[in-house]
Amino acid sequence: MPDLIDIELLRQLTRLARLGVSPDEAEALAEDVAALLAHFESIASVEIDDAPESSDTPANAGSPAVDEATLWPQPQDTLLSLSAHTQDGFYAVPTQRERTEIERAPPASGAARDDDEPQA
Amino acid sequence: MLTARRIADQVRAGDLDPIDVLEQALQRLAVREEHVRAYLDPDVEFARRMADVVVERLNRGEDPGRLAGVPVSLKDNIAVAGRSLTAGSRALEGYRAPHDSCVAERLIAEGAVLLGRTNLDEFGMGASTESSGFHATLNPWDRERVPGGSSGGSAAAVAAGIVPLALGTETGGSIRQPAALCGVTGFKPSYGAVSRRGVVAFGSSLDQVGPIAAHAEDAALLYDVIAGHDPLDSTSAPGERASALSVRADLEGLRIGIPEEFLDERVDKRVLQQIEKAVQVLGDAGAITKRIPRGRLAHMQHSIAVYHLVACSEASTNLARFDGVRFGPRVSDGHALWPLYEDTRGTLFGPEVRRRIVLGTFALSAGHADAWYRRALSVRALIRREFQQLFDDYDLLAGPTSPFGAFPLGEKLDDPVAMSLCDLLTAPACLAGLPSVSVPCGLVRKGSFKGLPVGLCLTGAQGDDPRVLAAARAFEVARGEPERSPLWELEA
């Protein structure tokens, strides 16, 4: 298999994974992941035509639980208590903007503003 | 330190006060913790309240249960309601669990006194506990060396003699490898034997909770308490579990195979010498031991690759939920949502976690998933089939747990390929869902691991957990009390 990880692909992957990495970190990350993939390349040579039907869980795992709703006392309060950022009974997050808009006009870095608009 | 079984028996009989048991453990913690840094949060007051509850149950004439008054430490990725749950990550700093995990429920129901949250590699990703988001844990045998990982805090706490029992979790070797490097017993149950409910997920098709103990019998006791079907975990195997303690600890007539694939050329030769002695002990105790020529586990050589591709793929999806909105702290300039995600995850996840998320994202991505993720699943199925076929001829398989002893702090931290080899001998059983135990089998006599413990790994067929634990108990009896770390008897 060819070396599949370059900086451009690494940037695509970190975007998919929503991971912010600096340019220096991206270079080191690309090298590490490429080294690991090179180490794992041996599986390309394995003859898998004879492989049993693949499954991601061993055979004796249980059957899926019954898919039914059960009451959880005060679910909203419980869920909101897990987040450090809530307002008026909702998760508080900044306004969603299109990525292109963000890239065109990156905001100045700094502490969280007080005028964040909460979104449910 | 008394064994867990003796503590529970004496507490149930009214001969031992659970508060005294806990206070003795806290004295050991006060003296020894600074030498190992095994805990993220000792959570002492919570433990005292739990001991009080056991006393109240005794005063009401109730039987507190099979772990009455026994201090048990939990890896900090196992939820206990209202207590800290960081999974070793800055991304969950300050987070408190909203409910008990299934295993915590079972421990509490049987009278255990939960003592502290132990350190781990962030989200269980690592083999040295150096990748914790908070601090490294030190090996009780040599503070310049790692305790193994990712359950290094639990293994170090037991090996330092602070608690007789702890819980760890294992995805590719995270219970057995630190148990081997710290000189204690660690057991990874069959996949599905123990509920994963309330455990912070890393690789969902691999993760299992299991005991780490100073004695093999205590590992069996703790397994008996935590094992069993859980209707709220869809991967929990149905049906009753046989009790591990009810199986007679006897090696007589057991067919134990030693596959040559387990004696890889990358295994330290002085570690192998200890394994040869351990196999001799098994034989002297009545087991029928036999070398299995190379070839029957032909696909095991791909275990590291398959393990990392599967586990990292699953981790990349499991960890998507940690984005600064619903759980834990946040890093944000407050202007837009997408940078909030990227800044939170990019800043609060450590380098090992970021590396594995990127690797998993790659393996699952369009254009690459067939060549990497799906192929890895097929090779995993081949590995599993080879193990199943071996158990037609053998009751157990034996070999070293780790290719080497405890290595110096920092030695492999910047070399992910070298670090990945720590899982060389443990990942195969995880991929195949097999029960597997590491029991101490002596100290290395010479060389770079001189004076450090070696673990013998015994692996059984899926669902044969009681037999694996019975063999470990019998081995411990045949060989004698394991060597203990220098901290074991350390007093103030």
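Because only heavy atoms are used, hydrogens play no part in the values below, and waters and symmetry mates are left out as well, while side chains stay in.
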State the [atom1]-[atom2] distance between [X] and [Y], to the nearest 0.5 angstrom.
X         : Y         : atom1 : atom2 : answer
Tyr95(B)  : Ser81(A)  : OH    : OG    : 7.5 Å
His368(B) : Leu13(A)  : NE2   : CG    : 7.5 Å
Glu41(A)  : Trp372(B) : CD    : CH2   : 5.5 Å
Asp343(B) : Leu19(A)  : CG    : CG    : 11.0 Å
Leu9(A)   : Phe362(B) : CG    : CZ    : 6.5 Å

Check your understanding: Which one of Leu79(A), Ile48(A), Val33(A) has the most heavy-atom pairs closer than 4.5 Å to chain B?
Key ->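 Sorted descending by pairs with chain B, the first entry is Ile48(A).
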Practice item. In sequence, state the C-alpha distance, the side-chain angles, and the governing distance for Asp32(A) and Arg354(B), and then conclude on side chain to side chain contact (heavy atoms under 4.5 Å, CB included). Key: CA-CA 11 Å; Asp32(A) 284 349; Arg354(B) 282 182 285 166; over 6 Å; no
Identify the heavy atoms of [X] and [Y] that sit nearest to each other, and give their distance.
X        : Y         : value
Thr78(A) : Pro98(B)  : CG2-CB, 4.2 Å
Ser42(A) : His302(B) : OG-ND1, 3.1 Å
Pro94(A) : Ser332(B) : CG-OG, 4.1 Å
Glu47(A) : Leu382(B) : O-CD1, 3.8 Å

Side chain / backbone / both / neither for [X] at chain A, heavy atoms under 4.5 Å:
X         : value
Ser316(B) : neither
Pro329(B) : backbone
Thr344(B) : neither
Asp415(B) : neither
Leu421(B) : side chain
Arg355(B) : both
Arg96(B)  : backbone

Review point. Is it true that a side-chain atom of Arg18(A) and a backbone atom of Leu340(B) form a donor plus acceptor pair closer than 3.5 Å?
Key: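 No: the side chain of Arg18(A) does not pair with the backbone of Leu340(B).
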Practice item. Please check if the side chain of Arg345(B) supplies one atom and the backbone of Ala17(A) the other of a donor-acceptor pair under 3.5 Å. Key: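 Indeed, once roles are kept as given, a pair shorter than 3.5 Å links the two residues.
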Review point. Would you say Glu27(A) has more than 12 foreign heavy atoms packed within less than 6.0 Å of its CD?
Key: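 12 or below, so no.
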Check your understanding: Do Leu309(B) and Ile43(A) touch side chain to side chain, with heavy atoms closer than 4.5 Å?
Key ->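 The answer is yes, as the side chains (C-beta and beyond) meet within the 4.5 Å cut-off.
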Check your understanding: Which atoms of Leu37(A) come close to chain B, meaning under 4.5 Å heavy atom to heavy atom: side chain ones, backbone ones, both, or neither?
Key ->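 For Leu37(A), heavy atoms of backbone and side chain both lie under 4.5 Å from chain B.
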Review point. Where does Leu29(A) contact chain B at under 4.5 Å (heavy atoms): side chain, backbone, both or neither?
Key: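 Just its side chain gets close to chain B.
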